[in-house]
Amino acid sequence: MTAAAEPSFPPATARQWRRSEEARGLALISPTFLYALALLFLPVLIVFLYSFWTQDYLTIDRTFTLKNYRQALGEPIYQDLLARSLYISLTVSVITVVLSYPIAWFISFHGGLNKNFWLFVITIPCWTSYLLRVMSWKVILGYQGVMNTGLMKLGIIEQPLTSLLYNANAVIITLVHSWAAFAILPIFISLEKIDRSLIEAAADLGDGPIRRFFRIVLPLSMPGVISAFLIVMIPTVGDYVTPQLVGGKEGVMIASAIQASFGKAANWPLGAALSVTTMVIVTLLAGAIVLGLRLIVRGIR
Amino acid sequence: MADRSMISIHGISKYYGPYPAVSSLSLEIGGGEFFSLLGPSGCGKTTLLRMIAGFVEPTDGSIRIDGQDVTGTPPNRRPTNMVFQNYAIFPHLNVEENVGYGLKRLRLDKTEEKRRIGEALEQVRLSTLGSRKAHELSGGQRQRVALARALVMRPKVLLLDEPLSALDKKLREQMQVELRSLQQAVGITFILVTHDQYEALAMSDRIAVMFAGKLAQVATPKEIYQRPVNRQVADFLGGMNFLSATVTGDTNGKVAARTDIFGDVVLEKPPGFTVVEGKVTLGMRPERLRLLWEGETAAKEIRGTVSNRHYFGETTHLSIAVDGLSAPLSIIETNNYGADDLPIGAGVRLAYDPDALVLLAE
């Protein structure tokens with residue numbers, strides 16, 4: 001290409017721009033950028049458009065309407081599903097982060113030379129298929145499962161518990177286990193980045209181990225906690241496999257309704273509206289959580 | 001200087017596996033003293049400082065601070081505060097919060113807390129930057145924050161771990177003066193760890209020179225520079241001309257020796273010195289030898305030729321080859337008489353003072 005192709009630039013400037021850091025940077029990210037554009041932005045855009053249209057048996061009526069949103073937000077069944085999805089994903093996020101923090105802390109502060117080994121051990125469950133891991137929880141929580149037979153052997157219960165499987169709690173237990181590794185890693189990384197001399201300085205200034213943790217380690221690891229929380233929360237809101245397998249009737253989440261709309265019910269616009277609604281709510285919630293956690297940390301100081 | 005003993009270290013050792021970082025070292029540091037631990041990297045000076053602070057537990061021996069045995073006491077319960085080498089400024093807090101960090105635990109009332117923070121910031125001349133965040137500070141300012149944060153706790157002993165090594169030369173020299181006058185103003189014991197001999201010489205009341213986990217010499221800057229006990233200390237503290245001499249007399253406190261170029265001399269023995277096989281090493285600092293210009297004479301003089309010349313702006317370092325010496329003598333001349341223009345190979349006369357010779361153990 002010659003400079004003449006860009007008449008708005010004097011030739012030297014255009015050539016200079018093509019050689020600049022900025023141009024090289026853009027060139028480097030453009031494959032990824034185009035890929036993301038094609039596979040992320042376009043599908044979302046299509047879903048967004050569909051949510052304003054109407055299903056007319058086999059055809060789509062393309063006149064603008066908010067009817068789908070009225071249905072998604074107004075009908076009690078969808079309200080319940082959405083509320084339950086948010087409840088489950090928030091509970092899962094809180095439990096996962098609370099359980100993962102001590103593990104990440106232990107590896108970072110007491111892992112010694114074996115830090116990589118510990119991290120490796122943590123990723124082992126991820127080597128098996130997600131589906132298999134969910135299924136194995138069925139074996140553990142089932143009527144004749146490991147948990148029930150174990151408790152009965154120990155004499156703690158006489159009859160097998162039926163409340164273990166096929167409800168929201170089973171979904172929560174399974175998801176916490178599935179996502180633990182994804183929460184441990186960001187927390188671990190942010191703990192690793194803390195300059196150890198800061199902790200020594202806090203000790204030098206009179207703080208014992210507990211105060212040091214709350215005044216230095218926790219605030220400085222907050223970026224990791226926030227990303228762990230979001231990494232767990234955002235995908236679990238729309239999780240489909242886990243509630244389908246271990247959730248039973250009481251553990252159904254919004255993704256099942258979306259799947260049904262796109263599948264058997266053949267109402268793509270409603271499915272699209274439910275998806276968009278979930279996305280917007282999750283985005284708002286994520287923002288609120290980031291702000292909330294930051295405020296809590298500022299309070300501790 | 002030292003009113004009474006503030007720190008008393010007795011037979012302290014620290015082993016990392018089989019390797020001693022510090023081995024059976026004893027030391028007394030006085031109240032209100034500016035004390036420097038000087039030595040090359042890896043000599044154990046930082047380990048010793050961290051044992052005083054409580055970050056490293058000694059394998060053996062004990063430490064008393066102001067009469068209290070603190071061996072085994074965690075750092076948060078010791079009357080010491082530290083300025084860390086990288087300053088360790090808390091990145092999530094601003095300058096005032098950093099300085100007030102240790103005061104929070106004391107639960108002072110708000111106005112008292114504010115007053116003490118203000119006072120500490122004033123001491124280090126940072127009063128106007130109270131609300132700055134850590135990342136908005138320059139290296140010199142970070143150092144001042146670290147200093148204020150430690151001083152505000154009113155420790156009995158302030159520990160400084162190479163606090164000036166990250167600053168540029170000009171700022172470092174300015175901070176040396178400031179630290180010294182700050183120490184005199186607050187009157188508490190300062191213990192400075194450094195590998196920079198000029199820093200130690202310029203700031204300290206006393207210096208302890210350390211090599212391989214042991215104390216080589218503990219003395220005032222002047223004594224350490226002028227009367228080093230052995231070759232290693234002499235060499236570490238600056239340039240030194242080493243000469244060997246034959247012993248002609250060996251009494252209780254003195255040694256008489258014959259040198260090739262300085263003739264017969266009588267020298268005081270440093271403590272613990274013994275003559276080995278009738279030979280001794282003598283040292284003379286380069287600045288104690290002086291070039292004689294035409295028309296000048298001196299009581300004691302020797303002749304030589306210029307074999308090398310290095311220009312340093314205010315001074316010129318010359319190497320002078322002298323007949324009968326295997327290595328040339330180093331001398332330092334200020335550049336106001338033309339030493340910087342002396343051609344290599346020029347014949348020169350040097351004046352020397354036999355009193356400047358010191359006896360050095362190997």
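So you know, we letter chains A, B, ... as the sequences are listed, proteins then strands, and number each from 1. Note that the structure is a prediction, hence the values are computed from the model and not measured. Atom set for the values below is all heavy atoms of this structure, side chains included, hydrogens, waters and symmetry mates excluded.
By the neighbour-count criterion of 12 heavy atoms within 6.0 Å, atom CZ of A:R196 is densely surrounded, having more than that number from other residues, nucleotides or ligands. Other residues, nucleotides and ligands place no more than 12 heavy atoms under 6.0 Å from the CD1 atom of A:I210. Residue B:R107 places its CZ atom among 12 or fewer non-hydrogen atoms of other residues, nucleotides or ligands, all under 6.0 Å distant. More than 12 non-hydrogen atoms from other residues, nucleotides or ligands lie less than 6.0 angstrom from CZ of B:R115. Around CD of B:Q68, the count of heavy atoms belonging to other residues, nucleotides or ligands within 6.0 Å does not exceed 12. Within 6.0 Å of the NZ atom in B:K114, the count of heavy atoms belonging to other residues, nucleotides or ligands does not exceed 12. Within 6.0 Å of the OH atom in A:Y130, the count of heavy atoms belonging to other residues, nucleotides or ligands exceeds 12.
Residues B:K104 and A:R215 are in side-chain contact: their nearest non-hydrogen atoms beyond the backbone lie under 4.5 Å apart. Counting only heavy atoms from C-beta outward, the side chains of B:F90 and A:L205 approach each other to under 4.5 Å. Two residues are said to be in side-chain contact when any heavy atoms from C-beta on lie closer than 4.5 Å; B:P91 and A:D195 fail this criterion. Side-chain atoms of B:Y101 and A:I216, non-hydrogen and from C-beta on, do get closer than 4.5 Å to each other. Here the side chains of A:E200 and B:R50 are in contact, with some heavy-atom distance below 4.5 Å.
Between A:A201 and B:R149, the shortest heavy-atom contact is CB-NH2, 3.5 Å.
Contact of B:L106 with chain A is not made at all, since no heavy-atom distance falls under 4.5 Å. Proximity to chain B (any heavy atom under 4.5 Å) is restricted, for A:L220, to the side chain, taken from C-beta onward. Neither the backbone nor the side chain of B:R77 comes within contact range of chain A, judged by heavy atoms closer than 4.5 Å. Residue contact with chain A, scored on non-hydrogen atoms closer than 4.5 Å, involves the backbone and the side chain of B:M82 alike.
Separation of atoms CG (B:N76) and CZ (A:R212) is listed at 6.0 Å; rounding is to 0.5 Å.
Side-chain contact, B:N81 with A:D204: a donor N or O sits under 3.5 Å from an acceptor N or O.
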